[in-house]
Every structure is written in C-alpha cells, then in structure tokens.
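See structure below.
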Amino acid sequence: MEERELPGVPPVPAVPAAPLPETEVETQVEHQFDELEVDAPRVGIVMGSKSDMPVMEKAKTELDERGILSEVRVMSAHRDPDLVTQYAKNARSRGLRVIIAGAGLAAALPGVVAAHTDLPVIGVPLTSSTSVAGGLDALLAIAQMPPGVPVACVGVGGARNAAVLAAKILDA
Ligand code: RP5
C-alpha cells in the first residue's frame, strides 16, 4: 500500500537495514575468496636453468590446452637456494596445488622443493650437454628420494606427462 504523508504528522524515520547474520557474512567472504582464486595459477612449473625451457614449456602447453592455469619460473636448487626455499614455502598460500620441477645433472630441484612444501611435486629429469648416460644422473637424483619426502618422477624429458599427471592430481 502506498504511504502518504498526513498534514501535521511528522514522517516516520527510515529504519536502518538490519545487520547480516554472521554466517551470511562468512559465506559472502568465502565467495569473494573463491573469486580471487579463479585467476591464480594452480600449477607451478619450475626448472633449474633457462636451458631447460624448450622441454619444460611442453608442460605449460599441455596445461594451457586443458584450461589449467600455471606459472613458469627458472630457479636452481644449487645456484638460487634461497629463492627456491621461499618459492616452495609460499606455494600453497599463493594458491598453487601441484609443482612440476625439471632439472638436469645433479637434479636437486624437485627434492628441495618437496622438502619445503607439502604440495605434490612431480620431477622431470632432463638432459644437458654434460649429462651422464642420457639423463640417467638426473633420473636417479629425482627418483631416489629418502622415505618421507616423495617426488613423483616421470621419464627423462617427460614434461608433457608431468602436466598430464598434474591434471589428474587436480582432477581437472
Ligand atoms: C641443471 O643443470 C639445469 O637444470 C640444467 O638441466 C643443467 C645445465 O644448466 P645450464 O648450465 O645450462 O644452466 O641445474
């Protein structure tokens, strides 16, 4: 019914909107976080050297084709140990859910990343000009992790398979 002002009767003051119940506020905040995470990479692709990029970008291509957001970083476990530590420690809080790490020679990167995060780490053994037995050195360095600190290990140069495995882990 339409409200009319009566002569001599002061207008009724507007009633302030009732505060939202606490649970509703929490739900709204959760939705806002969900939206924030939509654009955050889910998979981190790291490698020990720029020279690893031609192989490791195959992981990025595979994830892109599946619509899975990822980021690519170059960092060496031996040359940039502090950077690797910080990256791995912050990975979960930044929204990453799987890390793919490629390295050649004494391929410490996947294991060092796994030592600093509880996210699943997939190691990609790589070859370089000074590799032993076509990458067997890196394959063993990545696969032979001590009990309690596992790294999943794909075949030598298996960047694409690493991405397929990451997608399965993400159920995406
Ligand atoms: C590893 O040493 C890298 O992952 C790369 O596969 C290999 C050679 O690195 P560069 O000498 O090309 O930088 O740490």
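In listed order, ligands and their atoms are each counted from 1.
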Check: residues 144-170 side-chain donor-acceptor pairs under 3.5 Å, at least two apart:
residue: Arg160; atom: NE; partner: Glu62; partner atom: OE1; Å: 2.8

With a 4.5 Å limit on heavy-atom distance, are the side chains of Leu105 and Ser131 in contact?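 Counting from C-beta outward, Leu105 and Ser131 do come under 4.5 Å.
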Measuring only between side-chain heavy atoms, which start at C-beta, is Arg97 closer than 4.5 Å to Arg92?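 They are in side-chain contact.
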Looking at Asp52 and Ser49, would you say the former's side chain and the latter's main chain have a donor-acceptor pair under 3.5 Å?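 It does hold such a pair.
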Heavy-atom cut-off of under 4.0 Å around ligand 1: list whichever protein residues fall inside it, by chain and number.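 Those residues closer than 4.0 Å to ligand 1 by some heavy atom are Gly48, Ser49, Ser51, Asp52, Arg79, Ala103, Gly104, Leu105.
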Approximate separation, where rounding is to 0.5 Å, of Ile45 CD1 and Ile100 CD1: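 So the CD1 of Ile45 and the CD1 of Ile100 are separated by 5.0 Å.
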Could you report the tightest heavy-atom contact between Pro41 and Leu96, atom names first, then the distance?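 Result for this residue pair: O-CD2, 3.3 Å.
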